Amino acid sequence: MNRPGVGVTHVVGAGLAGLAAAHALATQGRMVTLHESTPGAGGRARALPDGTDNGTHALIGANRAALGFLDAIGARQFWLEPEPDGLPVLDLADGSARQVALSPFGWWRADRRPAGVTPGAVLAMAGMAMSGEDRTVAEAMRAHPAFLRGFVDPLVIAALNTPSAEASSQRLAQVLRRLGAPGATRLLVARRGLGPDLVEPALAALALAGAAYRPGHRLRGITQEGGRATALSFQDHETPLAPADRVILALPPWEALRLMPGLPAPEAHAPIVNLHFAQGCPGAVRFLGLLGGLCQWVLIRPSGVAVTVSAGDAEADQEVEELAPRAWAEIRRAVKAFGVAGDWPEAPPPCRVVKERRATPRHRVGHIPTPPRLPLANLALAGDWTWPDLPATIDAAIRSGLAAAQALPE
């Protein structure tokens with residue numbers, strides 16, 4: 001029940017941008033109602049109804065906004081560093097196995113260097129980070145193909161979800177410039193999964209702060225008058241907006257455009273394909289990298305094995321019967337190379353494929369379409385695609401949600 005004379009902020013979209021915005025406002029004492037069109041929160045970093053994550057979502061130490069949000073909702077202790085001594089990387093082409101330091105400052109050790117490291121290659125990457133020129137990453141690193149394949153390309157795929165042949169060097173530079181601080185390259189994953197280690201703590205923190213949460217509550221339209229939003233039309237009713245009420249749209253670009261046509265927004269998107277094998281592994285959580293195959297990242301938990309295929313344009317059109325045997329064969333090679341204990345049968349265990357066909361914008365060379373934070377006097381936009389200073393990542397989503405909450409007028 002709304003209190004007379006007290007404005008309500010309606011946050012539409014319970015992805016990470018919406019959760020961050022709603023939490024920031026609720027903990028400031030604002031009345032908040034969080035609306036979500038689907039049955040569950042989390043957006044593209046969500047847990048599926050059976051408890052499986054929709055994908056492998058990792059953070060690094062440079063993701064300060066995301067880590068700050070975990071602290072704020074009391075969930076930081078659930079995230080751990082699975083490979084503190086360096087990321088195990090198997091090159092499927094030649095069978096070489098390396099323990100790779102993610103920070104260039106760790107490459108003084110020969111046994112922690114990625115393939116292709118030379119002084120010239122490192123200088124080329126540093127130059128890309130500092131240059132104002134925007135070109136494809138592949139072009140910027142064309143003189144160093146081994147380093148491009150062994151380190152830069154996996155970073156591009158992970159951070160930009162766009163192949164190096166089309167990915168923007170300036171978008172990658174936004175990431176590279178954040179990797180120099182101490183601890184910036186520490187790799188962190190949820191110990192149990194996104195549901196118990198991110199989404200559920202966020203919803204619990206919102207409830208504790210007095211926010212209302214309405215899942216299955218899709219916004220159909222926004223009535224505008226005089227440069228303001230005056231009503232929100234949901235599937236079963238219309239909510240008039242009082243003068244003190246505010247709105248945050250924390251939606252993917254296609255949904256924001258449905259409600260507010262004409263916004264500057266990315267038009268091309270890239271998929272991510274995730275495979276989840278019902279084959280747990282007792283012991284510590286592990287995170288492995290693979291080069292030259294279908295699998296890129298393999299997250300091994302006691303509850304199961306998850307594989308990520310970013311920028312998976314071809315894989316998004318393939319079925320589980322084709323993908324699972326290929327992925328499982330690569331996983332078996334990787335766990336053998338790094339001595340991961342457990343039962344790894346030759347035949348692939350049951351596998352579930354989750355395809356996010358519009359997982360992120362394609363981070364190509366050229367202008368970044370960026371909408372205004374406040375397109376209406378009482379309405380702010382949030383979402384990773386509204387944050388031009390980073391590619392579409394968890395950190396960008398949370399930063400955008402905090403910025404939207406701050407931009408709303410009192």
Side-chain angles (χ1 to χ4, degrees), residues 15 42-48 52-59 87 89-93 136-138 148-168 171-172 175 187 189 194 252-254 266-279 287-300 304-334 348-365 384-385 391-394 396-397:
R44 284 163 287 165
R46 67 190 183 279
L48 302 175
T52 304
D53 291 346
N54 77 319
T56 301
H57 296 269
L59 298 173
L87 180 66
V89 177
L90 173 67
D91 192 331
L92 294 165
T136 69
V137 173
L148 172 64
R149 180 180 181 274
F151 184 80
V152 178
D153 191 56
L155 177 61
V156 171
I157 292 295
L160 274 62
N161 192 35
T162 305
S164 293
E166 62 179 284
S168 160
R171 294 297 255 166
L172 181 61
V175 177
L187 179 72
V189 298
L194 297 174
W254 54 91
E267 298 179 356
H269 295 80
I272 295 178
V273 177
N274 297 279
L275 293 83
H276 300 276
F277 290 95
Q279 185 73 25
F287 194 89
L288 312 178
L290 283 78
L291 296 175
L294 169 67
C295 304
Q296 296 159 356
W297 313 108
V298 179
L299 176 59
I300 302 171
V305 178
V307 171
T308 299
V309 184
S310 297
D313 292 297
E315 292 78 9
D317 294 325
Q318 297 173 11
E319 300 301 325
V320 63
E321 293 79 11
E322 181 178 359
L323 295 170
R326 291 172 55 197
W328 188 249
E330 295 176 4
I331 291 168
R332 293 182 75 236
R333 288 184 63 183
C351 177
R352 178 176 187 174
V353 175
V354 180
K355 301 176 181 179
E356 292 282 351
R357 294 186 180 273
R358 295 184 288 188
T360 70
R362 299 187 87 93
H363 295 101
R364 292 169 168 161
V365 175
D384 54 18
W385 61 281
T393 57
I394 288 177

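It should be emphasised that the depicted structure is a prediction, and the values quoted were computed from it without experimental measurement.
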- Message: Please enumerate all residues that pass side chain to side chain donor-acceptor pair (under 3.5 Å) together with H57, with sequence neighbours excluded.
- Response: N54
- Item | Minimum-distance pair of heavy atoms, taken over all atoms of W328 and P348 | CD1-CA, 3.5 Å
- Nearest heavy-atom contact between V189 and A58 is CG1-CB, 4.0 Å
- P271 vs K355 side-chain heavy atoms within contact, under 4.5 Å: no
- Item | Aromatic plane relationship, W297 with F287 - under 30° parallel, 30 to 60° tilted, over 60° perpendicular | parallel
- Query: Can you list the steps and then say if V305 with L299 is a side-chain contact (heavy atoms from CB on, under 4.5 Å)?
  - Reply: CA-CA 6 Å; V305 178; L299 176 59; over 6 Å; no
- Message: Which residues pass the salt bridge (charged side-chain N to carboxylate O under 4.0 Å, His left out) test with R333, not counting sequence neighbours?
- Response: none
- Item | Distance in Å, N161 CG paired with H269 NE2, rounded so as to fall on 0.5 Å steps | 10.5 Å
- Query: Of all heavy-atom pairs between G55 and L194, which one has the smallest distance, and what is that distance?
  - Reply: O-CD1, 4.1 Å
- With sequence neighbours left out, what residues match T162 under side chain to side chain donor-acceptor pair (under 3.5 Å)? none
- Task: Sequence neighbours left out, what passes side chain to side chain donor-acceptor pair (under 3.5 Å) with T56? Give chain and number order.
- Result: T308
- Query: Closest approach of R149 and A93, non-hydrogen atoms and distance?
  - Reply: NH2-CB, 3.6 Å
- Any side-chain heavy-atom pair from V353 and V273 closer than 4.5 angstrom? yes
- Minimum heavy-atom distance between V354 and H276, given as atom pair plus value: CG2-CD2, 3.9 Å
- Query: Is any side-chain heavy atom of I394 less than 4.5 Å from a side-chain heavy atom of L59?
  - Reply: yes
- Message: Enumerate the salt bridge (charged side-chain N to carboxylate O under 4.0 Å, His left out) contacts for residues 306-329, please, sequence neighbours excluded, ordered by first and then second residue.
- Response: D313-R362, D317-R357
- Message: Any non-hydrogen side-chain atom of I331 less than 4.5 Å from a side-chain atom of I300?
- Response: no
Please tabulate, one pair per line, all N/O donor-acceptor pairs under 3.5 Å involving side-chain atoms of residues 150-159, not counting sequence neighbours.
| from | atom 1 | to | atom 2 | distance (Å) |
| --- | --- | --- | --- | --- |
| D153 | OD1 | S164 | OG | 2.5 |

- Under 4.0 Å between a Lys/Arg side-chain N and an Asp/Glu carboxylate O for R46 and D53? no
- Item | Salt bridge flag under 4.0 Å for residues R44 and E356 | no
- Item | Point-to-point distance, once rounded to the nearest 0.5 Å, from CG of L294 to CG of L92 | 9.5 Å
- Item | side chain to side chain contact (heavy atoms under 4.5 Å, CB included) partners of A334, counting only residues at least two apart | L90, L288, L290
- Correct closest heavy-atom pair for A359 and I272 would be CB-CG1, 3.6 Å
- Message: Test of understanding: with side chain to side chain contact (heavy atoms under 4.5 Å, CB included), list the residues that count as partners of P350, not counting sequence neighbours.
- Response: A278
- Message: If the condition is ring-ring contact (aromatic ring centres under 6.0 Å, His included), which residues does W385 pass it with, not counting sequence neighbours?
- Response: none
- Listed by chain and number, what are the side chain to side chain contact (heavy atoms under 4.5 Å, CB included) partners of A392, not counting sequence neighbours? T360, P361, H363, D384
- Sorted by chain and residue number, the side chain to side chain donor-acceptor pair (under 3.5 Å) partners of R352 (sequence neighbours excluded) come out as D50
- Message: Rounded at 0.5 Å granularity, tell me how far OG in S310 sits from CD in Q296.
- Response: 5.0 Å
- For V89, the side chain to side chain contact (heavy atoms under 4.5 Å, CB included) test, sequence neighbours excluded, returns L87, V100, L291
- Query: Does E330 reach the side chain of C295, with side-chain heavy atoms less than 4.5 Å apart?
  - Reply: yes
